[in-house]
Undergrad: 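Have a look at this one before I ask anything.
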Amino acid sequence: MPRISPRLVREALWHSRLLPPLLRANPEIAMAKQELRWIKNELPRDQWRDAITRRSKLEPLQYILGTQPFGELDIECRPGVLIPRWETEEWVTKLSNLVASRCPKKNIHIVDACTGSGCVPLLLNHQLNGQSDISSQIVGFDISLEAFNLANHNLARIDNSTPNVKFKQLNLFSESLVQELAVDEVDILVSNPPYIPKEDFYSSMYMNGVEKSVRLYEPALALIGENEFYEALLAQLILPMKIKAFVFELGYQLQVDFVKTFLEGKGWEVGSMNDGSGKIRCVLGWRKEMDFMQKLAEEKSS
Amino acid sequence: MFSPVRSFVRLLSASPIPGAIPKRTKLPPRPKWLIIEDELDEKFLKGGRGPGGQKINKTNSKVQLTHKPTGIVVTCQYSRSQELNRKKAREILALKLEDIQSPETSRNAVIGERKSKLKQSKAKKSNRKYKALDEVRAETRAKESEAEAAEVDPEDEFNRMLAEAALRAKNTPES
């Protein structure tokens, strides 16, 4: 951790007595001020000190405050389950807008693998049922019991009485996954699987690695993975269930290439998508009947 | 017809008395109609440094709006929620646009006027209060000094009496 200069501490003290400890998590004073404001707004006064101490030990703010905004929803976050990221929010919003406006099918079935807090199914459901004549049936599954419980909790919390969303506790690598999933028909498969290779997980953010706060506090189960998850998604779900389109979040061009070579000559079109800061973020594929999906792809090859 | 009471009440409650402080409940509405989505260029600033995705956990979500016809740029990162920031940025932009269109009657101008007038009236009140206090204080001080002047020192008085007595004794011829 870089040393915090006494001058910065003095500047922070001038603003508020509570501010200096937050400098450990935020090298810039403006960011620290903002976090202090959020802590003050969202927590009762007697919890401020505890929250600031926890944050000064680099615990993610979302675990301290308990929630993360995700689109129009507020997703509850608990230690042991990955915090929803803005990149995910971005592609889920784009996907739901596209499906709502262009999808020829009016009753659409979606499965979300490695669902974590349940943010993807819940936002998709919220967007699709809010803005269009499309009705959706969404199933999310995750191997972790903590994630499964939190997803169900979030489903109950966002109480627009949605029997359209269901969560299950399943292992993506299980041999009988299709039977356990017990869904007759799937149109779109989405997933944000773990995609950080081990060597990057343990290297610093400046070496294309992981932020310290993420490494210390977020579950490695939801983070470490390479191509095996994409292979499982394709071989366990896409091909046997005859799914017509998919969107997977990822972090490396190599993973896009892996999916492309896997589906070569199988009648699939595959494209990729960047996030708002220009980094490679998604691979998506579609069969002929879902070719409206190519609107999302910035670069594609069949 | 012309009830004197009613016209007096009306005089008190009718709002556009020249120089009156605008009421908080009667400010001009937020000019939402000035926002035309096609004229906006919206950007989400997420801090491009670092690898992003699962590797980084960002809490802030800054929204930047550019109004293409005028080139006004507004940013908002007040809340953690991008949706709320988008709404707030539009509100701020609308206020700025109204300021340009009608600088005298815009909501911002009226709010500013209200603020300065409230400040003025507050200053006036406190001036009045302290003036009155000062007057009272000056009065009591004057009274005190008067009383002090009127007060008699017993020793002085005794000496004066002795001296008087001595004088009287001198003057009276001995019989």
Side-chain angles (χ1 to χ4, degrees), chain A residues 25-26 30-31 34-35 37-38 41-42 60-63 65 67-74 77 82-90 93 192-196 200-201 203 205-211 213-215 217-218 222-225 249-252 275-282, chain B residues 24 29-68 71-96 108 111 115:
Chain A
N26 304 279
M31 216 25 242
Q34 216 169 39
E35 285 198 356
R37 202 183 60 223
W38 289 329
N41 282 347
E42 294 179 39
L61 194 65
Q62 292 92 333
Y63 288 155
L65 300 178
T67 60
Q68 165 70 15
F70 194 72
E72 285 172 6
L73 305 178
D74 227 13
C77 300
L82 189 80
I83 297 162
R85 301 291 199 262
W86 69 264
E87 288 92 342
T88 315
E89 176 184 341
E90 190 183 60
T93 311
N192 178 14
Y195 55 70
I196 304 170
D200 276 359
F201 184 77
S203 58
M205 204 173 82
Y206 305 99
M207 306 291 286
N208 197 29
V210 170
E211 196 182 18
S213 148
V214 174
R215 187 166 48 239
Y217 288 94
E218 292 197 75
L223 293 165
I224 300 177
E249 185 173 324
L250 41 68
Y252 299 83
D275 64 25
S277 55
K279 309 225 158 56
I280 187 85
R281 192 56 59 209
C282 285
Chain B
R24 197 159 64 170
R30 286 169 215 278
K32 279 176 192 159
W33 57 89
L34 294 175
I35 296 292
I36 300 158
E37 284 298 322
D38 295 341
E39 291 180 352
L40 299 182
D41 189 22
E42 188 170 38
K43 265 189 203 149
F44 305 113
L45 306 177
K46 302 282 186 180
R49 215 163 51 86
Q54 290 174 355
K55 291 176 177 175
I56 311 280
N57 172 22
K58 283 254 175 236
T59 36
N60 64 327
S61 66
K62 194 175 189 173
V63 173
Q64 178 180 315
L65 280 183
T66 312
H67 187 244
K68 282 183 246 170
I72 298 178
V73 179
V74 170
T75 62
C76 180
Q77 53 176 344
Y78 183 78
S79 137
R80 288 197 293 144
S81 153
Q82 187 169 291
E83 290 302 313
L84 282 183
N85 284 340
R86 290 179 70 190
K87 272 180 205 157
K88 190 127 188 162
R90 278 170 177 71
E91 252 171 46
I92 297 169
L93 180 64
L95 287 176
K96 283 197 171 176
N108 252 353
I111 287 175
K115 252 187 198 164

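Note that the coordinates shown come from a computational prediction; the quantities given were computed from them, not determined experimentally. So that the names make sense, note that chain A is the first sequence line, chain B the second, and so on, each numbered from 1.
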Undergrad: Can you tell which part of A:Leu250 gets under 4.5 Å to a heavy atom of chain B, answering side chain, backbone, both or neither?
TA: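 When you check distances to chain B, no heavy atom of A:Leu250 falls under 4.5 Å.
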Undergrad: Rounded at 0.5 Å granularity, tell me how far OG in B:Ser61 sits from CD in A:Glu89.
TA: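 Here the interatomic distance stands at 7.5 Å.
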Undergrad: Please assess B:Arg80 against A:Gln34 for the test side-chain contact (heavy atoms from CB on, under 4.5 Å), listing each intermediate value before the final yes or no.
TA: CA-CA 9 Å; B:Arg80 288 197 293 144; A:Gln34 216 169 39; over 6 Å; no
Undergrad: Around B:Lys115, counting heavy atoms of other residues, nucleotides and ligands shown, do more than 12 lie under 6.0 Å from its NZ?
TA: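 Open: at most 12 neighbouring heavy atoms sit under 6.0 Å from NZ of B:Lys115.
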Undergrad: Could you report the tightest heavy-atom contact between B:Gly52 and A:Arg281, atom names first, then the distance?
TA: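 Nearest pair, atom of B:Gly52 first, then A:Arg281: C-NH2, 3.7 Å.
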Undergrad: Taking side chain as everything from C-beta outward and backbone as N, CA, C, O, which of these in A:Ile83 sits under 4.5 Å from a heavy atom of chain B? Side chain, backbone, both or neither.
TA: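 Just the side chain, heavy atoms under 4.5 Å.
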Undergrad: Is B:Glu83 close to A:Pro69 at the side-chain level, that is, under 4.5 Å between some pair of heavy atoms?
TA: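 No, too far: nothing below the 4.5 Å cut-off.
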Undergrad: Could you check which of B:Lys43, B:Lys55, B:Gln77 has the highest count of heavy-atom pairs closer than 4.5 Å to chain A?
TA: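 Sorted descending by pairs with chain A, the first entry is B:Lys55.
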Undergrad: Taking atom OG of B:Ser81 and atom CG of A:Asp74, what is their separation to the nearest 0.5 Å?
TA: 7.5 Å
Undergrad: Does B:Gln82 use its side chain to pair, donor to acceptor, with the backbone of A:Glu72 at less than 3.5 Å?
TA: no
Undergrad: Could you walk me through whether A:Glu218 and B:Asn57 pass the side-chain contact (heavy atoms from CB on, under 4.5 Å) check?
TA: CA-CA 10 Å; A:Glu218 292 197 75; B:Asn57 172 22; 3.8 Å; yes
Undergrad: Okay, side chain of A:Arg37, backbone of B:Tyr78: is any donor-acceptor separation there less than 3.5 Å?
TA: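 Indeed, once roles are kept as given, a pair shorter than 3.5 Å links the two residues.
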Undergrad: I need the residue from A:Glu87, A:Glu35, A:Glu249, A:Gln68 with the largest number of non-hydrogen atom pairs under 4.5 Å to chain B.
TA: A:Glu87
Undergrad: Is it the side chain or the backbone of A:Asn208 that comes within 4.5 Å of chain B heavy atoms, both, or neither?
TA: both
Undergrad: Using a 3.5 Å distance criterion without hydrogens, assess whether the side chain of A:Tyr195 forms a donor-acceptor pair with backbone atoms of B:Gln54.
TA: yes
Undergrad: Check each atom of A:Thr88 against the heavy atoms of chain B and say whether the ones under 4.5 Å are side chain, backbone, both or neither.
TA: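 Contact with chain B is absent: no heavy atom of A:Thr88 under 4.5 Å.
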Undergrad: Answer with side chain, backbone, both or neither: which region of A:Tyr217 has an atom nearer than 4.5 Å to a non-hydrogen atom of chain B?
TA: neither
Undergrad: To the nearest 0.5 Å, what is the distance between OG1 on B:Thr59 and CD on A:Gln62?
TA: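 So the OG1 of B:Thr59 and the CD of A:Gln62 are separated by 6.0 Å.
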